Amino acid sequence: MQEEIHEQMKVRLDKIPQIKDAGYHAYADRFERTHRLHEAARLDDGVKGVRVAGRIVGLRYFGKLAFGHLADVEGKLQFAVQKNKVGSQFNDLKSLVDIGDFIGVEGEIITTKTGEKTIDIDKFEFLSKSVRTLPEKFHGITDPELRLRKRYLDLIMSEESRERFKKRVKIIKTIRDFLDSNDFMEIDTPVLTNKASGALARPFITHHNMLDIDVYLRIAPETYLKRAIAGGFDKVYEFARSFRNEGLDASHLPDFTLLEYYCAYWNYIDNMNFTEKLFRHLILNVNGGLELVYGDTKISFDGEWPRISFRDLILRDCGIDINMFETREELLEEINRKGIRFEAEIDVSKAGRGTLIDLLYKKVSRPQLINPVFITHHPLDLSPLARKNDENSLVVDRFQLVVNGWEVVNAYSELVDPLDQASRFRQQAEARAHGDQETMDIDNEFLECMEYGMPPISGWGMGIDRMIALMTDSSTLRDVVLFPLMRPLS
RNA sequence: GGGCUAGUAACUCAGUGGUAGAGUAUCGCCCUUUUAAGGCGAGAGUCGAAGGUUCGAAUCCUUCCUAGCUCACCA
């Protein structure tokens with residue numbers, strides 16, 4: 001109770017000793033329920049001895065009768081309190097109980113004149129006193145900042161918000177069940193690491209006092225999951241909370257959930273086929289159809305999804321054949337000649353060839369991709385952990401699933417050749433030496449693991465939060481995360 | 001970081017230079033079928049913060065804080 005106590009709070013605080021004087025506990029230790037609220041709401045009339053508990057979210061008095069609602073995230077149930085049934089407890093309710101309090105009630109299931117399932121109570125128990133008033137009942141919280149900072153209030157007040165987060169639970173459970181039923185094993189890999197590897201991104205750095213070393217919060221679980229494959233697990237996955245010290249906006253969070261799985265003996269084509277199955281299963285089970293509506297956009301996951309190479313896509317969208325330009329200088333010259341400008345924060349003149357191609361793709365192609373499309377065969381220098389294509393050594397056996405202009409999935413045939421991996425790391429180091437920020441650290445421990453031998457592997461990663469935003473028609477990722485990071489109020 | 005917008009009672013919002021307002025909520029009274037219940041009455045405010053202009057500032061000016069949207073970069 002940091003701030004000053006205003007009138008309404010004082011009124012409620014003053015009730016706590018009165019609650020005790022009346023023989024209740026203001027903060028009881030337990031309540032034996034026979035049903036949860038949404039279960040009780042499905043019982044037949046006449047069932048007696050029903051005991052339910054919840055937060056009071058509405059309360060209306062009519063002289064010697066009162067109606068109210070108990071609610072939780074799963075549902076709500078109306079309760080009726082009649083003075084001639086509960087006796088002296090009626091006045092206790094009136095003088096001690098407020099909207100926002102938790103109570104437990106026991107009574108009989110009835111249906112009111114207006115047709116609503118109701119528990120007509122014989123008695124109630126006080127469970128927990130709320131000393132602050134809930135937001136206004138009709139509008140709830142509309143200030144987007146308050147909704148994020150005080151998500152619990154948003155959940156109490158907004159059915160839409162409750163449904164969104166329940167859907168998140170269902171999405172994650174559906175994916176987990178699907179992977180489990182396909183013989184994947186869920187494992188955990190470290191969050192604190194010595195190297196920020198597995199992706200191209202700026203990490204959070206923290207410090208371990210006892211070891212006196214700086215450690216990184218992982219940017220991806222990739223290299224550890226592959227170590228598990230080397231150790232003999234042959235299908236693994238992890239819902240990996242990952243951390244990137246970069247922008248923070250509607251489509252980027254500093255900590256987000258990255259689902260990755262790895263399967264030994266698959267290549268990227270097996271993986272694309274599996275991806276289609278996974279998504280069909282997910283969307284059909286959670287949304288009941290294969291079409292999603294996101295804002296004004298309709299997205300169809302039906303049918304076979306197009307598979308197009310990075311080169312063909314860029315050629316189609318801006319007429320540049322990236323295979324014709326083998327150095328970054330030649331490519332940059334061509335990009336400038338076509339009049340394509342990147343208003344990039346990073347210095348384009350320092351970017352490597354791969355980074356340039358990536359910028360080009362994000363500028364001319366990606367925004368146009370609405371329905372799911374597999375983009376394949378990315379430039380080698382953008383994919384230091386992916387296997388080289390057997391026909392064209394400038395590209396890798398990689399795919400991204402792009403939906404609504406978002407990279408939802410990134411996957412490839414994993415590089416398991418330790419000599420090639422060592423040379424890729426060296427290339428990354430060179431690019432960094434030339435000023436390219438978007439590079440990967442050399443990870444010698446990972447390399448050594450690979451030297452002991454890894455089977456063929458295909459790995460896969462998906463930003464869960466983005467997928468959930470797509471499936472819940474949420475315009476910002478912060479709407480699908482319960483408690484997003486906010487600058488503290490000082 | 002740039003541009004635009006916003007911050008007034010616990011909550012939702014009016015109020016554009018002249019005594020700080022409404023609804024919800026709270027407190028008191030009436031009411032046994034309501035569900036944004038209703039009726040009568042009352043209390044509740046550092047108008048985001050600091051400075052300035054003015055006889056007088058929620059209102060005009062400056063700076064700052066916070067947030068949302070948006071643009072550029074990152075999943």
Side-chain angles (χ1 to χ4, degrees), chain A residues 3-12 14-15 57-69 76 78-85 90 94-95 98-100 110-116 118 120 130-150 153 157 199-203 219-220 242-259 341-348 351 355 358-359 362-363 366 400-402 405-410 437-438 461-467 469 475-478 486-490:
Chain A
E3 71 248 57
E4 80 289 356
I5 293 169
H6 50 79
E7 180 212 9
Q8 297 193 32
M9 196 159 163
K10 187 175 185 312
V11 167
R12 288 178 174 228
D14 288 346
K15 287 180 181 176
V57 294
L59 196 51
R60 304 170 287 282
Y61 288 98
F62 302 86
K64 299 181 181 64
L65 168 73
F67 285 103
H69 278 95
K76 60 181 183 173
Q78 178 165 259
F79 62 93
V81 190
Q82 302 189 62
K83 188 169 186 179
N84 61 22
K85 205 169 170 182
F90 192 80
K94 245 178 139 165
S95 58
D98 293 297
I99 291 173
I110 60 165
T111 297
T112 61
K113 284 179 184 171
T114 51
E116 180 165 353
T118 298
D120 185 17
S130 162
V131 296
R132 291 180 185 269
T133 34
L134 290 179
E136 199 253 1
K137 62 187 168 192
F138 189 57
H139 299 91
I141 296 184
T142 56
D143 181 344
E145 178 187 353
L146 272 186
R147 279 208 335 252
L148 300 176
R149 285 192 189 276
K150 304 189 178 182
L153 292 179
M157 303 309 298
L200 306 171
R202 291 208 292 277
I219 55 176
S242 302
F243 307 84
R244 298 189 185 177
N245 203 346
E246 297 176 337
L248 194 163
D249 61 34
S251 59
H252 297 86
L253 296 167
D255 61 316
F256 63 106
T257 304
L258 193 53
L259 167 63
R341 295 269 307 125
F342 311 119
E343 299 96 72
E345 195 177 83
I346 63 163
D347 192 347
V348 171
T355 304
D358 194 44
L359 286 170
K362 284 170 181 166
K363 175 85 179 179
R366 194 175 66 178
Q400 285 182 317
L401 178 63
V402 178
W406 302 356
E407 285 155 15
V408 172
V409 168
N410 184 27
Q437 296 261 308
E438 299 281 304
M462 174 168 83
I464 286 281
D465 308 290
R466 284 196 176 169
M467 191 60 207
S475 59
T476 148
L477 293 190
R478 293 207 281 190
M486 305 284 283
R487 193 189 294 274
L489 298 171
S490 51

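Quantities reported herein were computed from a predicted structural model and do not represent experimental measurements.
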Can you check whether A:T142 has a side-chain N or O nearer than 4.0 Å to OP1 or OP2 of B:C13? yes
So for A:E136 and B:A25, does any side-chain atom that can act as donor or acceptor lie under 3.5 Å from a complementary atom in the base? no
With a 4.0 Å cutoff (strictly under), does any side-chain N or O of A:K137 reach OP1 or OP2 of B:A25? yes
Tell me the partner of B:C40, counting only Watson-Crick (N1-N3 plus N6-O4 or O6-N4) or G-U wobble (N1-O2 and O6-N3) with both under 3.5 Å; none if nothing fits. B:G28
Of the candidate nucleotides B:C27, B:C11, B:U33, which contains the atom at the shortest distance from the side chain of A:L65? B:U33
In whole Å, measure the gap between the P atoms of B:C4 and B:U63 for me. 13 Å
Separation of the C1' atoms in B:A58 and B:A20, to the nearest angstrom: 9 Å
Is the phosphate of B:C27 approached by A:K15 (side-chain N or O, under 4.0 Å from OP1 or OP2)? yes
Does A:R60 make a side-chain N or O approach to OP1 or OP2 of B:A37 shorter than 4.0 Å? yes
Measure CG/A:L59 against C1'/B:U34 and give the value in whole Å, please. 11 Å
Quick one: which of B:A37, B:U33, B:A67 gets closest to the side chain of A:F67? B:U33
In whole Å, I'd like the distance from the CZ atom of A:R132 to the C1' atom of B:A44. 16 Å
Per the atom types in the model, does the base of B:U34 pair as donor or acceptor with the side chain of A:E116 at under 3.5 Å? no
Using a distance-only criterion (donor-acceptor N/O pair, under 3.5 Å, no hydrogens), is the base of B:U34 paired with the side chain of A:T112? yes
How many Å lie between CG on A:D143 and C1' on B:U12, as a whole number? 11 Å
Say you pick atom P in B:G48 and the same atom in B:A6; how far apart are they, in whole Å? 13 Å
Nearest-Å distance for atom pair CD/C1', residues A:Q78 and B:A37: 11 Å
Mate of B:A6 where both pairing distances stay under 3.5 Å, Watson-Crick or G-U: B:U66
Closest of B:U32, B:U26, B:C31 to the A:K94 side chain is B:C31
Using whole Å, what does the distance between atom C1' of nucleotide B:C73 and atom CZ of A:R366 come to? 11 Å
For B:C60 versus B:U8, give the span between their P atoms, rounded off to a whole number of Å. 16 Å
Between B:U33, B:C73, B:U12, which nucleotide gets closest to the side-chain atoms of A:L359? B:C73
Closest of B:A44, B:C73, B:A36 to the A:E7 side chain is B:A44
Rounded to whole angstroms, how far apart are CD1 on A:I99 and C1' on B:U34? 13 Å
Among B:U12, B:C69, B:A36, the nucleotide that comes nearest once only the side chain of A:I141 is considered: B:U12
Which of the following nucleotides, B:A10, B:U66, B:C27, is nearest to the side chain of A:E145? B:U66
